[in-house]
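Down below is the structure, laid out as structure tokens.
Heavy-atom basis, side chains included; hydrogens, waters and symmetry copies ignored.
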Amino acid sequence: MKVISYLRGIILSASLASATSRTSPPAGALVVNSNASSGQYKTVSAAVKALSTSSTSAQSIFIYPGTYSEQVAIPALKGLLTIYGSTTDTSSYTSNSVTITNGASQASGLTDDGTGTLRAETSAGFKLYNVNLANSYGSGSQALALSSNAGNQGFYGCKFTGYQDTVMAETGYSLFAKSYISGNTDFIFGQHGQTWLDGVDIRVDPTSLGYVT
């Protein structure tokens, strides 16, 4: 509970103190832009690969508006990582302009974790702000938008959409605040994690029953 309270304090104070717009990168951030110019990255994965895995200093990534069709795997890091999506209103998910999406599922032989649009494996401390994560596979097989598979992770003003297994908070501590999660089958789940949901809009397709496990 102390860790959850700590995460909650950090992520809420950072966002609520400046609930305005964030349309340009903070100083020192790696920049992702689908129309990349010099010094920028065309994909989120490319920016993640450019991160230092040995530095204990905080690192950040800023993503310009667009839809990025890819799977992003964040490796173990020794320092804090923050990823910011461009938005005109940092206080919630409603004005998000960045979407990362993929359509992988267990039907193609992947593990549940392996289907994730974002696979956050770092436990040093990871925060995601104002980014939409989607898995477009649909019904019939497990298909994650997010695999939170480590500890000390926070998600603020994000939108997670899928059908089965949308959000997996498998291990460690995680916080979801002022966000949106939708799905149908076991769409918020995990086996060993401890998760705090604060002001989260949870939606189920009105044509069917929904399950949270």
Side-chain angles (χ1 to χ4, degrees), residues 30 32 34 41-53 59 61 63 66-78 81-83 85 96 98-129 131-155 158-176 179-195 197 200 202-205 210-213:
L30 301 180
V32 179
S34 57
Y41 300 90
K42 282 192 174 182
T43 66
V44 182
S45 295
V48 168
K49 288 179 181 178
L51 294 169
S52 171
T53 57
Q59 301 179 83
I61 294 172
I63 310 173
T67 298
Y68 298 83
S69 298
E70 56 180 308
Q71 286 184 282
V72 179
I74 299 172
L77 302 172
K78 292 185 177 180
L81 172 64
T82 304
I83 297 180
N96 291 357
V98 173
T99 297
I100 306 173
T101 184
N102 101 102
S105 78
Q106 278 197 326
S108 57
L110 297 171
T111 63
D112 215 11
D113 171 70
T115 69
T117 299
L118 176 65
R119 300 167 62 201
E121 309 290 346
T122 184
S123 60
F126 169 62
K127 293 179 284 186
L128 181 71
Y129 291 93
V131 173
N132 299 333
L133 297 177
N135 192 306
S136 61
Y137 180 79
S139 63
S141 182
Q142 295 93 325
L144 276 62
L146 170 69
S147 172
S148 176
N149 204 11
N152 298 353
Q153 299 187 356
F155 306 88
C158 296
K159 189 172 184 178
F160 308 89
T161 56
Y163 189 94
Q164 182 172 352
D165 293 9
T166 305
V167 168
M168 180 173 75
E170 180 68 1
T171 59
Y173 299 95
S174 57
L175 165 71
F176 297 82
S179 294
Y180 175 108
I181 303 174
S182 69
N184 290 72
T185 304
D186 301 343
F187 67 97
I188 303 172
F189 77 108
Q191 294 184 3
H192 310 291
Q194 297 186 49
T195 300
L197 294 98
V200 175
I202 298 174
R203 299 292 184 95
V204 179
D205 185 337
Y211 300 90
V212 176
T213 58

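When all heavy atoms are compared, the tightest approach of Y137 to A104 is CB-O, 4.2 Å. Scanning both residues, S105 and T115, for their nearest heavy atoms gives C-CG2, 3.4 Å. Minimum interatomic distance between F126 and L128 (heavy atoms only, all atoms of both residues): CZ-CB, 4.0 Å. Shown here for Q153 and T122, the closest heavy-atom pair between the two residues is NE2-O, 2.9 Å. Here the closest heavy-atom approach between residue S148 and residue S174 is recorded as OG-CB, 4.0 Å. Of all non-hydrogen atoms in A124 and L77, the two that sit nearest each other are CB-O, 3.2 Å.
In this structure, T67 and S34 have side chains that are not in contact, with every pair of non-hydrogen atoms separated by 4.5 Å or more. Between I188 and F160, every side-chain heavy-atom pair lies at or beyond the 4.5 Å cut-off. Two residues are said to be in side-chain contact when any heavy atoms from C-beta on lie closer than 4.5 Å; V44 and V98 fail this criterion. With contacts defined as side-chain heavy-atom distances shorter than 4.5 Å, the pair T101/N135 does not qualify.
With values rounded to the nearest 0.5 angstrom, I100 atom CD1 is found 10.5 Å from L146 atom CG. From I74, atom CD1 reaches atom OG1 of T53 across 13.5 Å, with rounding to the nearest 0.5 Å. With rounding to the nearest 0.5 angstrom, the OG atom of S139 is 9.0 Å from the CD atom of Q164. If you take OG1 on T195 and CE on M168, they are separated by 11.0 Å, rounding to the nearest 0.5 Å. Atoms NZ and CG, from K127 and L81 in turn, are 10.0 Å apart once rounded to the nearest 0.5 Å. The CG atom of D113 sits 11.5 Å away from atom CG of D165, with the distance rounded to the nearest 0.5 Å.
A donor-acceptor pair under 3.5 Å links the side-chain atoms of E170 to the main chain of Q191, judged by distance alone. Using a distance-only test at 3.5 Å, with no hydrogens or angles considered, a donor-acceptor pair links the side chain of Q71 to the main chain of G114. The backbone N or O of T43 lies less than 3.5 Å from no partner atom in the side chain of E70, so there is not a single donor-acceptor pair. A donor-acceptor contact shorter than 3.5 Å is absent between the side chain of R203 and the backbone of Y180.
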Checklist entry - Going through the checks in order, is the side-chain contact (heavy atoms from CB on, under 4.5 Å) test met by L118 and V131? => result CA-CA 11 Å; L118 176 65; V131 173; over 6 Å; no
Checklist entry - Run the side-chain contact (heavy atoms from CB on, under 4.5 Å) check on N149 and R119 step by step: do they pass? => result CA-CA 7 Å; N149 204 11; R119 300 167 62 201; over 6 Å; no
Checklist entry - For L144 and T166, what are the C-alpha separation, side-chain angles and deciding distance, and is it a side-chain contact (heavy atoms from CB on, under 4.5 Å)? => result CA-CA 5 Å; L144 276 62; T166 305; over 6 Å; no
Item to check | Q59/L30 under side-chain contact (heavy atoms from CB on, under 4.5 Å): CA gap, chis, key distance, verdict | outcome: CA-CA 8 Å; Q59 301 179 83; L30 301 180; 5.7 Å; no
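No side-chain donor-acceptor contact under 3.5 Å links T161 and S182.
Using cut-offs of 30° and 60° for the angle between ring planes, the F155 and F176 rings count as parallel.
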